[in-house]
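For reference, the structure discussed in these notes is given below.
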Amino acid sequence: MTTWIAMGLVALLFVGPLVWRTWRDHLEERALSLQADLQAAVNHALGGESLVAVRVKPGAQSDMGTVEVFVPSGWESELEDVWPVMLSHIPAGYVLVFRPSPVAAPGALKRAA
């Protein structure tokens, strides 16, 4: 009987991390799929590619997560066209967060380009 318990514990040491990693991969895959859908919806709403970026972080469960929308400083007016579209595409249980990028001046964007 002790042998079976020891074998079960050893098997759990190998199988447990594999099951956990499979579950996390599933959550990350779902988050990336949602991120692609949201970015496409934002691009469509704004009439093409823009400086508005979307990132989705998976939560601890399949119906939880965080949707972050990044815009350059000074371009916050773009959010007026974007947020209604975002709300219609985000599933229940996700949190929507708008974040300005840390770039302080529009001149810094010109120097980077």
Side-chain angles (χ1 to χ4, degrees):
M1 183 66 167
T2 306
T3 306
W4 287 104
I5 293 173
M7 285 178 25
L9 290 175
V10 170
L12 187 62
L13 287 174
F14 290 105
V15 175
L18 291 175
V19 170
W20 179 81
R21 188 66 243 173
T22 302
W23 176 249
R24 289 303 301 170
D25 285 345
H26 170 72
L27 293 178
E28 290 171 9
E29 179 183 344
R30 186 167 184 242
L32 287 174
S33 175
L34 179 60
Q35 178 176 324
D37 290 341
L38 289 172
Q39 187 67 54
V42 167
N43 291 344
H44 180 71
L46 295 176
E49 294 288 328
S50 67
L51 294 176
V52 177
V54 178
R55 179 174 60 184
V56 178
K57 294 180 182 178
Q61 298 174 355
S62 62
D63 59 348
M64 295 175 56
T66 304
V67 177
E68 296 179 339
V69 180
F70 296 91
V71 294
S73 295
W75 290 59
E76 288 85 5
S77 62
E78 295 292 321
L79 294 176
E80 292 176 12
D81 299 331
V82 170
W83 75 267
V85 174
M86 300 279 298
L87 286 178
S88 67
H89 285 81
I90 295 176
Y94 278 78
V95 177
L96 178 60
V97 179
F98 293 105
R99 297 184 190 260
S101 66
V103 177
L109 292 175
K110 292 179 184 176
R111 279 183 270 130

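- In the hydrophobic cluster analysis, where Ile, Leu, Val, Met, Phe, Trp and Tyr join through side-chain heavy atoms closer than 4.5 angstrom, L79 is grouped apart from F70.
- With values rounded to the nearest 0.5 angstrom, L32 atom CG is found 11.0 Å from D37 atom CG.
- The minimum heavy-atom distance linking R24 with A60 is given by the pair NH1-CA, 4.2 Å.
- Residues satisfying the ring pair (Phe, Tyr, Trp, His ring centres under 6.0 Å) criterion with H26, sequence neighbours excluded, are W23.
- When every heavy atom of L34 is checked against every heavy atom of H89, the shortest pair comes out as CD1-O, 4.0 Å.
- The shortest heavy-atom contact between A45 and D81 is CB-O, 4.3 Å.
- Both L46 and I90 belong to a common hydrophobic cluster when Ile, Leu, Val, Met, Phe, Trp and Tyr are linked at side-chain heavy-atom distances under 4.5 angstrom.
- Note that the CE atom of M86 and the CH2 atom of W83 stand 12.0 Å from one another [nearest 0.5 Å].
- For the atom pair CH2 (W20) and CG (D25), the distance works out to 9.0 Å, reported to the nearest 0.5 Å.
- In the hydrophobic clustering of ILVMFWY residues, with side-chain heavy atoms under 4.5 Å counting as a link, L87 and V82 come out together.
- In terms of heavy atoms, P17 sits closest to L12 at CD-O, 3.9 Å.
- Listed here is the closest heavy atom pair of E76 and P72: OE2-O, 4.1 Å.
- Checking side-chain atoms of E68 against main-chain N and O of R55 turns up no donor-acceptor pair under 3.5 Å.
- V85 and F98 are members of different hydrophobic clusters when ILVMFWY side chains are connected at heavy-atom separations under 4.5 Å.
- V52 and V97 sit in two unconnected hydrophobic clusters of ILVMFWY residues. Membership requires side-chain heavy atoms under 4.5 Å apart, directly or through other members.
- Here the CE-CG distance, from M64 to L27, works out to 10.5 Å after rounding to the nearest 0.5 Å.
- A distance-only check finds no donor-acceptor pair linking the side chain of S33 to the backbone of E29 [under 3.5 Å].
- Between the side chain of Q35 and the backbone N or O of V67 there is no donor-acceptor pair closer than 3.5 Å.
- The distance from the CE atom of M7 to the CG atom of L9 is 11.0 Å, given to the nearest 0.5 Å.
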